[in-house]
Amino acid sequence: MKRVYNFSAGPSMLPEQVLRRAADEMLDYQGSGQSVMEMSHRSKVYQGIIDSAESLLREVMNIPDTYKVLFLQGGASSQFAMVPMNLMTKSGKADFVLTGQWATKAYKEAARYGDAHVVASSKDKTFSYIPKLDPSTFTPDADYFHICLNNTIYGTKFHTLPDTGNVPLVADISSCIVSEPIDVSKFALLYAGAQKNLAPAGLTVVIIREDLIGHAMDITPTMFNYQTHSDNGSMFNTPPCYSIYMAMLVLDWLKNTIGGLEEMKKINEKKANMLYSFLDQSSLFHGTVVPEDRSLMNIPFVTGNDEMDVKFVKAATEAGFVNLKGHRTVGGMRASIYNAMPVEGVEKLVDFMAKFEKENK
Ligand SMILES: *Cc1c(COP(=O)(O)O)cnc(C)c1O
């Protein structure tokens, strides 16, 4: 068996230890005589899995008791509609910072349901930085203020949060969930598609302050109302059973093998620093993001020559470093180095890049 180093932005690598455990438990989950894929979501044994996934997430992320954890479907993209339908119901206004394609999609979707206001944008420079924010430009009576905390495509991250006062801060954390500690109490609502850093595709995690539940617009479909899922322990209908189980295994790995998010952060910083340091001294490759806004998870880089980029991606693929092609709007390359990417994978990539650089001067 040969496994590649997979730098995909999502779906992406899962920890090998987790995949092995899932394989071991595939035919007979803990003496139940069934796979988790086959069992009733109403069974006692499955209830144990979803409860344990939630309690591990609460423990690993240090989520206060005043927040609900919901396991939903529909991807982060459904949250672009679900958030306004549930929250944009008092003044009907919300503020947005446009730091990339996902943030822009969240804004455009919200604009269908209310008065969506763009506070700032970094589109002028292909979203290669996080705009400086001036709180005097924020809408004082907004129902919420939306940011995309880590911008998967462009490789930027908010290293300081906007000061929104009493306005609830909502963040898309799809590509940085459980990559480092985050103070949940600073946010009113956090959401993430699981397929970047938590589980296979199919699961969307929502962490919402309890007082924000129960105010949805009348037009809100039952399935899009947070209340529906909150009242039913994320079991109003069949949940994404297997993805929740995989999230449980990943969280167990984070807690017991890695030792929690402080430790995970150190490892992620080590990996990112290795790649950024190489890019900063390279005569062939360079990063596309301003240093102060760099992401720990997604690192775009280019040679400045499209043909050379293509040549590099092809050579890297042949050497077992896959999915390094950059997003079409940035070009070049992007290395997504989520939790499951081992340190060794980045070390070897950097060695390979150095060798490629020498051979292509
Ligand atoms: C991948 C991604 C999305 C889209 O997620 P889906 O689950 O495919 O809808 C949204 N926001 C961010 C930041 C992402 O990285």
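Indexing begins at 1, ligand by ligand and atom by atom, following the structure's order. Owing to the predicted nature of the structure, the values given are computational and were not obtained by experimental measurement.
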### Query
Which is it for Glu262 and Lys266 under the salt bridge (Lys or Arg N to Asp or Glu O under 4.0 Å) test, yes or no, and what are the steps along the way?
CA-CA 7 Å; Glu262 285 293 349; Lys266 283 183 207 158; over 6 Å; no
Tabulate distances under 3.5 Å between N/O atoms of ligand 1 and N/O atoms of the protein, writing both atom names on each line.
unit_1	atom_1	unit_2	atom_2	d
ligand 1	7 (O)	Ala76	N	3.0
ligand 1	7 (O)	Gln195	NE2	2.9
ligand 1	8 (O)	Gln195	NE2	3.3
ligand 1	9 (O)	Ala76	N	3.2
ligand 1	9 (O)	Ser77	N	2.8
ligand 1	9 (O)	Ser77	OG	2.6
ligand 1	11 (N)	Asp172	OD2	2.6
ligand 1	15 (O)	Thr152	OG1	2.4
ligand 1	15 (O)	Lys196	NZ	2.5

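- For the pair Ile207/Met61, a side-chain contact is recorded, criterion being any heavy-atom separation below 4.5 Å from C-beta on.
- Test Thr156, Asp124, Asp293 against Tyr129 for side chain to side chain donor-acceptor pair (under 3.5 Å) and you get one pass: Asp124.
- Between atom CG of residue Leu57 and atom CD1 of residue Ile244 there is a gap of 11.5 Å, rounded to the nearest 0.5 Å.
- Less than 6.0 angstrom separates the ring centroid of His146 from the ring centroid of Phe96.
- Hydrophobic clustering (side-chain heavy atoms under 4.5 Å, transitive across Ile, Leu, Val, Met, Phe, Trp, Tyr) groups Leu70 together with Tyr144.
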